[in-house]
Number of protein chains: 2
Amino acid sequence: MTRATKKKAGENPEKTTRIQEINRRLILDAALDAFSTYGFRGTTIDQIADKAGMSKPNLLYYFPRKQNIYVTLLEETLEEWLAPLAEIDPEGDPIEQLRKYITLKIRMSESHPEASRLFANEVLHGAPAISEFLSKHLKPLVDEKAAIIRRWVGEGKLAPVDPYHLIFMIWATTQHYADFDVQVRAIMGNQVGRPGFNEQTAQAVLSIILNGIRPRL
Amino acid sequence: MTRATKKKAGENPEKTTRIQEINRRLILDAALDAFSTYGFRGTTIDQIADKAGMSKPNLLYYFPRKQNIYVTLLEETLEEWLAPLAEIDPEGDPIEQLRKYITLKIRMSESHPEASRLFANEVLHGAPAISEFLSKHLKPLVDEKAAIIRRWVGEGKLAPVDPYHLIFMIWATTQHYADFDVQVRAIMGNQVGRPGFNEQTAQAVLSIILNGIRPRL
DNA sequence: CAAAAACTTGACTAGTTGGTCAAAATGCAG
DNA sequence: CTGCATTTTGACCAACTAGTCAAGTTTTTG
């Protein structure tokens with residue numbers, strides 16, 4: 001026996017057991033909560049293990065490094081996060097396509113604010129773990145959609161507007177409600193939780209942006 | 001001698017020496033750099049002391065706790081950060097006033113991106129150190145300006161728009177370029193540093209938002 | 001149902017980090 | 001120039017935390 005390596009979950013390639021599936025999920029859910037609130041450095045493995053209801057060594061059996069959990073989470077999140085952008089249809093009506101996109105983005109910020117904050121935190125700190133993703137996946141997709149928007153502008157279907165800055169504005173505005181939630185609450189107080197607040201937000205954002213880019217005569 | 005307290009900088013009330021002034025500044029500058037990049041937890045006292053060119057105990061002579069440096073920085077930054085909002089003139093032309101406000105905010109994000117990131121990081125993590133500031137200072141100011149914008153809308157000088165969401169949109173968009181700088185660079189590449197880029201950004205943001213809120217017939 | 005594989009954990013280690021302390025060096029008022 | 005206050009620092013400590021390990025328990029499989 002020359003093998004001296006320790007056994008880790010998923011050692012057996014291609015094989016994930018039922019227990020592995022359950023526990024990985026428990027860990028990732030707990031970690032998303034913690035990382036999105038306290039950041040990478042601010043979160044301890046013990047915290048995550050506690051929240052996931054298992055011992056620290058057990059957690060480390062599934063993810064040998066803290067960094068692994070973090071990166072896995074980011075990867076899981078990013079694809080989902082980008083999906084709405086990919087759905088913009090070059091053949092559709094420009095205003096309608098952008099309305100749909102903005103609406104989807106707002107809904108995502110409402111339903112997955114932790115994901116938004118996880119991502120925001122990573123980018124804010126220089127995106128050390130995902131800089132490759134940004135250049136290899138995000139940039140090409142944005143370039144593609146920017147070209148579509150530019151064409152729409154050329155055809156007079158949108159007011160003259162830089163497509164990149166338009167996309168940034170949509171990102172910034174929609175994610176603001178997740179990332180700066182505390183600030184929004186401090187200012188708008190009890191309104192935030194109230195029924196209809198989300199619709200009101202979507203309405204306000206859509207109104208300003210869509211009117212801002214509607215073709216002018 | 002019953003006094004047993006240790007001596008700390010500024011022990012003598014009302015008296016700051018020349019050396020104190022210099023060193024506090026050195027520390028705060030170094031700390032802004034570090035905190036805005038790595039966050040509170042991600043920054044070590046040693047790092048700050050190194051950057052400030054002094055020993056750790058010496059740094060602690062001026063700021064007995066890491067937290068003190070952080071809070072001092074935030075306080076210093078926040079007032080400055082809010083100043084442009086306070087300048088909105090209720091008697092001025094609405095579109096012009098908002099144009100000026102947006103322009104000032106963009107310029108601040110360009111000239112003090114670290115301050116923007118420091119603040120973003122704090123809010124993102126639940127604003128534990130400044131929740132009081134948000135409710136005691138920020139909210140009243142925003143309420144005041146929101147009332148002005150609401151009046152303008154009532155007078156037909158602006159399209160019907162929720163003033164709070166408008167303010168959030170301006171914040172989100174302008175600060176995006178500082179907070180998500182890495183992402184902006186990943187997508188727009190070498191354009192970012194180029195002369196004229198900042199003007200182009202300001203132009204794009206102003207164009208969309210101002211046209212989005214211009215009164216419609 | 002027995003053996004192997006997968007899973008779980010208490011106890012531990014090594015490295016990091018916020019903060020202390022006492023003594024030395026420097027600055028400064030008279 | 002002298003003596004007191006201010007400033008500076010090397011050495012140190014206690015708390016925390018990522019990750020290890022060996023020994024046990026549970027689950028799966030032939």
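Bear in mind the structure is a predicted one, so any value in this text is a computation, not a measurement. Chain letters run A, B, ... following the sequence lines, proteins first and then strands; every chain starts at 1.
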Just jot down the side chain to side chain donor-acceptor pair (under 3.5 Å) partners of [X], sequence neighbours excluded, or say none.
X: A:E144; value: none
X: B:K105; value: B:Q175
X: A:Y70; value: A:E122

Residue list, ring pair (Phe, Tyr, Trp, His ring centres under 6.0 Å) with A:W171, at least two apart or on another chain:
A:F168

Does A:E76 have any salt bridge (Lys or Arg N to Asp or Glu O under 4.0 Å) partners at least two apart in sequence or in another chain, and if so, which?
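Residues passing salt bridge (Lys or Arg N to Asp or Glu O under 4.0 Å) with A:E76: A:R25.
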
Test of understanding: with salt bridge (Lys or Arg N to Asp or Glu O under 4.0 Å), list the residues that count as partners of A:D46, not counting sequence neighbours.
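Result, salt bridge (Lys or Arg N to Asp or Glu O under 4.0 Å) vs A:D46: A:K56.
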
Indicate, with a heavy-atom threshold strictly under 4.0 Å, whether A:Y62 touches base, sugar-phosphate, or nothing.
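Counting heavy atoms under 4.0 Å across all strands, the contact made by A:Y62 is with sugar-phosphate only.
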
Atom [atom1] of [X] and atom [atom2] of [N]: how far apart are they, to the nearest Å?
X: B:I27; N: C:dG19; atom1: CD1; atom2: P; result: 14 Å
X: A:F63; N: C:dT8; atom1: CZ; atom2: P; result: 13 Å
X: A:I22; N: C:dA6; atom1: CD1; atom2: P; result: 17 Å

Just to confirm, is there a sub-4.0 Å distance from OP1 or OP2 of C:dT8 to any side-chain nitrogen or oxygen of A:N23?
yes

Presence of A:Q20 side-chain N/O under 4.0 Å of C:dA6 phosphate oxygens OP1/OP2
no

Which atoms of nucleotides 26-30 of chain D (N or O only) lie under 3.5 Å from a protein N or O atom, and what are those distances?
residue : atom : partner : partner atom : Å
D:dT28  : OP1  : A:R18   : NH2          : 3.2

Which residues share a side chain to side chain contact (heavy atoms under 4.5 Å, CB included) with A:E87, sequence neighbours left out:
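Side chain to side chain contact (heavy atoms under 4.5 Å, CB included) list for A:E87, sorted by chain: A:K100, A:L104.
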
Please give me the minimum heavy-atom distance between B:I106 and B:A202, naming the atom from each residue.
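Of all heavy-atom pairs spanning B:I106 and B:A202, the closest is CD1-CA, 3.5 Å.
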
Contact pattern, 5' to 3', of nucleotides 9-19 of chain D - B, S or - by protein heavy atom under 4.0 Å
BBB-----SBB

